[in-house]
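This structure is a prediction, so every number in the text was calculated from the model and none was measured.
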There are 2 protein chains.
Amino acid sequence: MRSSDQARAMALPLFAGVSPRTTRELFVGAFLQRFPAGTTLLMEGDPVDFLYVLLDGIVELQGAWKHRETTLAVLEPISTFNLAAAVLDAQALATARTIERSEILMLPGEALRRTMKADPDLGFAVAEELSAVLSGAVRATKNQKLRGGVERLANYLLAHCMRQGGAERITLRYEKRILSSLLGMTPETLSRAFVALARYGVEVKGPEISVTRTAAFERFARPTSLIDNHLAEPTRPTSKVEREQGQPVTSWALGAESP
Amino acid sequence: MRSSDQARAMALPLFAGVSPRTTRELFVGAFLQRFPAGTTLLMEGDPVDFLYVLLDGIVELQGAWKHRETTLAVLEPISTFNLAAAVLDAQALATARTIERSEILMLPGEALRRTMKADPDLGFAVAEELSAVLSGAVRATKNQKLRGGVERLANYLLAHCMRQGGAERITLRYEKRILSSLLGMTPETLSRAFVALARYGVEVKGPEISVTRTAAFERFARPTSLIDNHLAEPTRPTSKVEREQGQPVTSWALGAESP
DNA sequence: CGCCTGGTTGAGGTGCGTCAACATGGGTGG
DNA sequence: CCACCCATGTTGACGCACCTCAACCAGGCG
């Protein structure tokens, strides 16, 4: 892998607090690759022993059972995936597929585990990342079990308004059929959920959605920091010099409001 | 905390590969406590900075939103919980409540984080534990989104047959109303799900359930290692001396077939 | 232009929740 | 010891949310 790529990778939140020495060690055997849209990177159940880092593009994580399939997350840069499997050297939890042309860094699991055991800072960083992803997964389960379809859509829209800087206008970066699967419904039901939100001022024109955040809409959606990540307060700054960079671990690799 | 308790705690899978020195350090400020049934240990959103270890009894993890509430997991010994929050020093993900009289070890989060940064073995062990819990959470999401209510119940029964040594007779250790919430349905629907499984030879008498694992039943439930933990192959033994004890990290703190 | 994919709209069915009535059993107090 | 009570579990009737199937529409591309 080229040194310019390596420098870029070392800037990842995951490796922010890790020494250059460890990072170099970690990148032995790593490689950066570009994939076209629609490429299946790994299938659930595969024993792929790599940690993946999405640097550019969009990746969908999905699971399947008995001819049914569902989207577990839609990842945008910068996100990691397959981290848990890499730590345990176990089978992949989900199928990963590029939605558009993507640039992906692949780190050998063996190197990751070996390096974690040598450098406690890396072990801690991985634990932080895993905790964040786990938090997202638990939020996703709550989202799915506690809210109805229209409520899930409403909170998805609010989350993405926040992500795009509190804007009232957002643009879907992927197809609605994928969004419907992420939200746990069929495309038809998603379509009807949008019309149900029209009375709150949600207007849809193709992938362009305008959301006027009325009081009634907020009251209906009722986002909460216990489910919706965008409301979670940053981990309170301990007086310790724990997170030197102050830079949060991003990549909420799983979760309803994933990207 | 008494030294006998400490010895017991040091035998936990989480601390199996960790040096006695580190373990002692970790247990400074730790304490062991008994709680009666029905005690709320922590509420979701609370900034409780402790790692909990359930040594005896049963604990329910639940989440709530807008007057609705759902059971996220039912923990049996030995399980950890609130680990992600302790690592991140963040708010708790779920409310924890004892279902029966329980014995619980509480470790200060500050000590955990400090010790993780000193001993890479502990950091790695925590990462393994988090990976296992994350795996459970992803399985739970798949279970919820891909299967119908009766299918979830069927696979729950199969999982617990395995847990109780492949028996054809299992005993529910907690109320059916909690089980129904864990499976994402109402008590009424659970009741009807049981009668729906009668045609496959499932008989229910109070908390006693007999499951004759007919081919038709297996074909209906169709358990898979990608969702149901009891089928997951143990992580293949790497030639490295990675998991010295060969002892698996247990405590699948979250997940559909949790205990 | 015609095809194909993705999205929308409509009609009808089903799974599951809601509400209500009833049964059962453990616990308490007379 | 029995009467009573309350919580849990079951059963039935009904309604709503969501899925299924089908027709239709719009845009992209050969």
Side-chain angles (χ1 to χ4, degrees), chain A residues 37-38 58 60 64-71 74 97 99-100 143-157 171-199 202-209 220, chain B residues 36-38 58 60 64-71 74 97 99-101 143-157 171-199 202-209 220:
Chain A
I58 304 183
E60 173 190 17
W65 183 75
K66 257 194 189 181
H67 298 164
R68 273 164 269 184
E69 67 175 51
T70 191
T71 301
V74 177
R97 194 184 129 259
I99 287 182
E100 58 179 41
N143 193 42
Q144 186 65 31
K145 290 178 77 174
L146 290 169
R147 305 217 258 230
V150 187
E151 291 165 331
R152 289 196 294 272
L153 174 58
N155 283 289
Y156 175 92
L157 294 177
T171 305
L172 290 181
R173 303 213 30 208
Y174 43 90
E175 295 165 355
K176 289 206 188 80
R177 72 182 297 99
I178 291 173
L179 174 58
S180 70
S181 181
L182 176 66
L183 294 177
M185 54 179 111
T186 62
E188 295 94 322
T189 304
L190 174 62
S191 197
R192 285 184 251 265
F194 270 120
V195 323
L197 290 181
R199 62 185 296 267
V202 174
E203 288 171 36
V204 183
K205 206 170 302 174
E208 307 288 331
I209 304 172
F220 170 76
Chain B
I58 304 183
E60 174 190 17
W65 183 74
K66 255 193 189 182
H67 298 164
R68 274 166 268 184
E69 68 175 50
T70 191
T71 300
V74 177
R97 194 185 130 258
I99 287 182
E100 59 178 40
R101 175 175 169 82
N143 193 43
Q144 186 67 31
K145 288 179 78 174
L146 291 169
R147 306 218 257 230
V150 187
E151 291 166 330
R152 290 197 294 273
L153 174 59
N155 282 289
Y156 175 91
L157 294 176
T171 305
L172 289 181
R173 303 214 27 208
Y174 43 89
E175 295 164 356
K176 289 205 189 81
R177 73 183 296 97
I178 291 173
L179 175 59
S180 71
S181 181
L182 177 64
L183 294 177
M185 52 179 111
T186 62
E188 296 94 322
T189 303
L190 174 62
S191 198
R192 285 184 252 266
F194 270 121
V195 322
L197 289 181
R199 63 185 294 270
V202 174
E203 289 172 36
V204 184
K205 205 169 301 177
E208 307 289 331
I209 304 172
F220 170 75

Check your understanding: Once you round it to whole Å, what is the distance between C1' of C/dT14 and CD of B/Glu151?
Key -> 14 Å
Check your understanding: Hey, does B/Gly148 reach any base, or is it just sugar-phosphate, or nothing, if we go heavy atoms under 4.0 Å?
Key -> sugar-phosphate
Review point. Within this structure, what is the CZ-to-P distance between A/Arg147 and C/dG17, rounded to whole angstrom?
Key: 18 Å
Practice item. Check every atom of D/dT11, D/dG9, C/dT8 against the side chain of A/Lys176 and return the nucleotide holding the closest atom. Key: C/dT8
Point to revise | Rounded distance (Å) that lies between atom C1' of C/dG15 and atom CE of B/Met185 | key: 11 Å
**Study point:** Nucleotide C/dG15, atom P - distance to CD of B/Gln144 in whole Å
**Key:** 16 Å
Exercise for review: Name the closest nucleotide to the A/Ser191 side chain, picking from C/dC16, C/dT8, D/dC18.
Suggested key: C/dT8
Review point. Quick one: B/Lys145 NZ to D/dC19 P, roughly how many Å, whole number?
Key: 11 Å
Review point. Among D/dT8, D/dT20, C/dT9, which nucleotide sits nearest the side chain of B/Arg177?
Key: D/dT8
**Study point:** Lys/Arg-Asp/Glu bridge criterion (N-O < 4.0 Å) met for A/Glu151, B/Arg68
**Key:** yes
**Study point:** Side chain of B/Glu188 (C-beta onward), nearest among C/dG7, C/dT8, C/dC19
**Key:** C/dC19
Review point. Out of D/dC19, C/dG6, D/dG9, which nucleotide sits closest to the side chain of A/Glu175?
Key: C/dG6
